[in-house]
Number of protein chains: 2
Amino acid sequence: MATIKDVAKLAGVSPATVSRVLSSTVVVSPKTKTRIEKAIAELDFRPNAHARALVSKSTHTIGVVISQLADPFFAQMASSIEDVAKKRKFQVLVSTGSLDAQKELTAIKSLQAQRCEAMVVNSKALADDVLIDLAQRIPGFVLINKFIPQISQRCVWFDNVAGGKVMADYMASLGHANIVVLSTKERVYDATHRLNGIRQSLSQHNINLPDQHIAYGSPDYAGGREAIEHLIEQGITFTAVLCYNDAMATGVISALTDLGRRIPDDVSIVGFDDVLLAKYCMPKLTTVKYPIDIMARKATELALSLIAKDRPLNQSDKDYQYKPFLVKRESAAKC
Amino acid sequence: MATIKDVAKLAGVSPATVSRVLSSTVVVSPKTKTRIEKAIAELDFRPNAHARALVSKSTHTIGVVISQLADPFFAQMASSIEDVAKKRKFQVLVSTGSLDAQKELTAIKSLQAQRCEAMVVNSKALADDVLIDLAQRIPGFVLINKFIPQISQRCVWFDNVAGGKVMADYMASLGHANIVVLSTKERVYDATHRLNGIRQSLSQHNINLPDQHIAYGSPDYAGGREAIEHLIEQGITFTAVLCYNDAMATGVISALTDLGRRIPDDVSIVGFDDVLLAKYCMPKLTTVKYPIDIMARKATELALSLIAKDRPLNQSDKDYQYKPFLVKRESAAKC
DNA sequence: ATTTCATCGTCAATGCTTTTCCCTGTGCCT
DNA sequence: AGGCACAGGGAAAAGCATTGACGATGAAAT
């Protein structure tokens with residue numbers, strides 16, 4: 001690929017002048033300018049981003065860490081981030097952490113090596129003190145899925161406990177008393193939070209939730225099937241199922257339909273996240289909204305404003321907490 | 001962020017020695033090695049990828065161009081690419097083109113500026129001659145969704161015409177004669193190819209497909225709903241619906257169910273792509289498999305082997321064409 | 001005591017662009 | 001005509017890591 005020197009030679013000027021045309025900070029005579037532009041086009045020249053980064057000490061790059069690209073929830077998140085970044089002329093660098101602390105750290109380190117200026121991180125596995133340390137080291141570091149008091153200004157987060165409550169409150173309001181919960185066996189804190197919220201709500205409503213009524217599966221369709229089948233095998237009866245996420249809920253719908261149970265007539269089901277899936281499946285899923293698109297946008301803007309000298313942090317925003325709300329569709333009904 | 005000089009100073013050695021430790025090409029005594037490693041850890045030093053890229057003339061980066069990250073189909077694609085790339089220690093740089101020729105070109109140019117060595121491109125809008133030009137300019141350039149004779153060795157592609165045939169053949173074999181087709185109004189060539197395949201098949205089976213039986217919508221749930229509703233408003237009757245993709249098919253399922261029609265008893269529906277959605281929805285979608293994960297893997301390996309001097313291209317592979325096949329589930333039945 | 005490695009420092013060059021400083025030439029004013 | 005201002009553009013340094021050649025140092029071996 002051609003360099004700026006090649007362009008300069010072809011246009012009969014010095015590299016400095018070519019650079020001036022590229023950045024258009026200084027006035028260059030129209031004649032030479034068009035001559036240079038013609039040379040650029042002819043050689044198909046693109047300024048080397050690495051050389052630029054080196055000298056300007058800025059890369060205009062935002063790094064994103066998510067668990068997996070293929071998951072619709074994270075895909076949506078990455079997409080929203082890219083959208084905001086693009087408007088600010090930032091490149092997006094995506095790295096996946098796959099629920100593993102070591103891999104998450106590797107992903108972050110790799111983004112650091114690329115000298116990302118901003119970073120939006122969804123960390124499922126890293127310990128809080130590691131994250132605090134990273135936040136203090138990296139100016140544009142923002143967490144998108146958890147709240148850590150010491151770095152509260154860098155946390156855009158979702159109230160999972162309230163989410164659990166919303167699910168359980170709704171089921172209670174519909175008159176359900178035989179409730180089972182499908183959580184995930186992945187050791188992620190949000191599952192615990194949601195479960196805590198469910199427990200709080202149910203005890204307020206004087207509804208019993210024995211441990212045998214909680215099953216654990218992988219956070220996807222298959223995991224939902226297996227978990228609900230496991231409960232049925234155990235001889236447990238229920239009229240309502242609270243799921244860790246929408247994908248598991250679709251697994252439950254499928255398994256129960258196969259067994260001839262009607263939804264929501266025989267069994268009510270509530271999902272979590274409100275990914276596209278929830279609208280598409282049959283019956284349409286009643287679920288808890290996790291406004292990941294808005295949150296991702298906010299997190300990106302926060303990260304970018306953290307590194308912008310001219311645009312200072314809006315100090316009135318002490319907190320970037322987002323609350324869940326129920327999206328009523330067709331999978332839950334009165335008992 | 002600390003530089004290699006800072007590390008050298010702290011460890012009491014020269015920058016060259018630090019570099020030797022980092023690349024581990026030359027023997028360094030264990031004592032100094034640990035001293036340097038300690039300094040690296042203490043300063044949290046990460047070699048500047050840009051400086052490295054500049055001197056080594058290699059970035060170990062693969063660029064990906066897709067229409068939208070949020071689409072499950074593309075998310076799956078990006079995920080598979082990342083998987084293969086990671087194993088080869090390649091960074092992935094994702095850029096979106098949003099079905100727009102200008103934006104696709106901008107995305108590619110931006111990846112070029114980053115000096116991506118390999119590139120996997122899903123181009124929906126760029127003209128063939130532009131793509132040919134790019135392929136000749138960029139050594140590791142691979143197209144993943146279309147076949148262009150002049151650069152056949154760089155094309156990993158899917159036979160959309162055959163895909164259209166598969167759908168129509170199946171419906172014909174089930175005895176359907178009143179068939180409608182839902183295509184996309186986006187001007188993408190694959191929609192045309194699928195439609196051509198459908199037409200070929202139906203004329204072979206002596207089934208008529210008048211133009212009024214073809215509706216066009218956006219390639220998603222809402223588009224599917226609108227398109228089928230439009231046909232019904234026109235007073236067109238049918239027993240089978242052939243959809244451009246799975247998302248549209250779910251829209252059709254939803255719309256028809258709302259109207260009290262049973263699937264597949266009253267109407268048979270076939271989707272396209274076999275994204276996760278197809279398994280999750282109710283009834284489960286009969287659809288045409290587009291093996292995007294395998295294709296993405298292949299495309300990535302192809303791109304990487306194109307730029308690897310040691311691993312020459314397997315010349316026996318003249319062609320990287322992938323064929324569709326039918327995945328029979330529950331949304332289609334005998335007429 | 002001398003040779004011989006192993007180990008590491010020094011120096012320079014390389015890669016590409018940006019930016020500061022400085023020089024040239026032209027046109028204008030008095 | 002002389003002087004000045006200013007536009008336009010060149011030269012060179014800086015930014016960071018790698019690599020090769022070559023030299024220096026020290027310790028171990030003969």
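Quick caveat, the model's predicted, so the values are computed rather than measured. Values reported hereafter were calculated over all heavy atoms of this structure, with side chains retained and with hydrogens, waters and symmetry mates removed. Chain letters run A, B, ... following the sequence lines, proteins first, then strands; residues in each count from 1.
- Atom-to-atom distance recorded for Leu43(A):CG and Ile4(A):CD1 is 12.0 Å, nearest 0.5 angstrom.
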Report, one pair per line, the protein and nucleotides 20-26 of chain C atoms (nitrogen or oxygen only) whose separation is under 3.5 Å.
none

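- Legend: residues meeting side-chain contact (heavy atoms from CB on, under 4.5 Å) with Ala75(A), ordered by chain and number and at least two apart, are Ala75(B).
- Atom C1' of nucleotide dC16(C) and atom NZ of Lys9(A) are separated by 14 Å, given to the nearest angstrom.
- With values rounded to the nearest 0.5 angstrom, Met119(A) atom CE is found 8.5 Å from Ser95(A) atom OG.
- Residue Gln102(B) qualifies as open at atom CD: its count of foreign heavy atoms under 6.0 Å is 12 or below.
- Among the protein residues, Thr17(A) comes within range of the sugar-phosphate backbone only, with heavy atoms under 4.0 Å from sugar or phosphate atoms but none that close to a base.
- Using modelled atom types, one finds a donor on one side chain and an acceptor on the other under 3.5 Å when comparing Ser80(B) with Gln76(B).
- When DNA chain D is scanned 5' to 3' for any atom under 4.0 Å from a heavy atom of chain A, the first and last hits are dG8(D) to dC16(D).
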Q | Audit row: Gln91(A), Ser110(B), side-chain hydrogen bond (donor to acceptor under 3.5 Å, both in side chains) steps and yes/no | A | CA-CA 9 Å; Gln91(A) 266 281 338; Ser110(B) 144; 2.2 Å; yes

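- In the region residues 27-40 of chain A, proximity to DNA chain D at under 4.0 angstrom, judged on heavy atoms, holds for Val27(A), Val28(A), Ser29(A), Thr32(A).
- Formation of a donor-acceptor pair under 3.5 Å by the Asp71(A) side chain with backbone atoms of Gln68(A) is not found in this model.
- Residues Lys124(B) and Asp190(B) are paired through a salt bridge, judged by an N-O separation under 4.0 Å between the basic side chain and the carboxylate.
- Of the N and O atoms on the side chains of Lys103(B) and Thr96(B), not one donor lies less than 3.5 Å from an acceptor on the other residue.
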Counting only pairs under 3.5 Å, give me each side-chain donor-acceptor contact of residues 132-149 of chain A, with atom names and distances, residues two or more places apart or in other chains.
residue, atom, partner, partner atom, Å
Asp133(A), OD1, Arg137(A), NH1, 3.3
Asp133(A), OD2, Arg137(A), NH1, 2.5
Arg137(A), NE, Asp44(B), OD2, 3.1
Asn145(A), OD1, Ser123(A), N, 3.4
Asn145(A), ND2, Asn122(A), OD1, 3.2
Asn145(A), ND2, Ser123(A), O, 3.2
Asn145(A), ND2, Tyr189(A), OH, 2.7
Lys146(A), NZ, Asp128(A), OD1, 3.1

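- With hydrogens and angles ignored, the 3.5 Å screen pairs no side-chain donor or acceptor of Thr59(A) with any backbone N or O of Ala53(A).
- In this pair, Phe158(B) and Tyr290(B) present their aromatic rings parallel. The plane angle is below 30°, not in the 30 to 60° band.
- Salt bridge annotation for Asp293(A)-Arg297(A): absent, with no cationic side-chain nitrogen under 4.0 angstrom from a carboxylate oxygen.
- With dT17(C), dT18(C), dT10(C) as the candidates, the nucleotide lying closest to the side chain of Ser14(B) is dT10(C).
- Distance Met1(A) CE to dT17(C) C1': 15 Å, rounded to the nearest Å.
- For DNA chain C, the neighbouring residues in residues 53-61 of chain B, judged by any heavy atom under 4.0 Å, are Leu54(B), Val55(B), Lys57(B).
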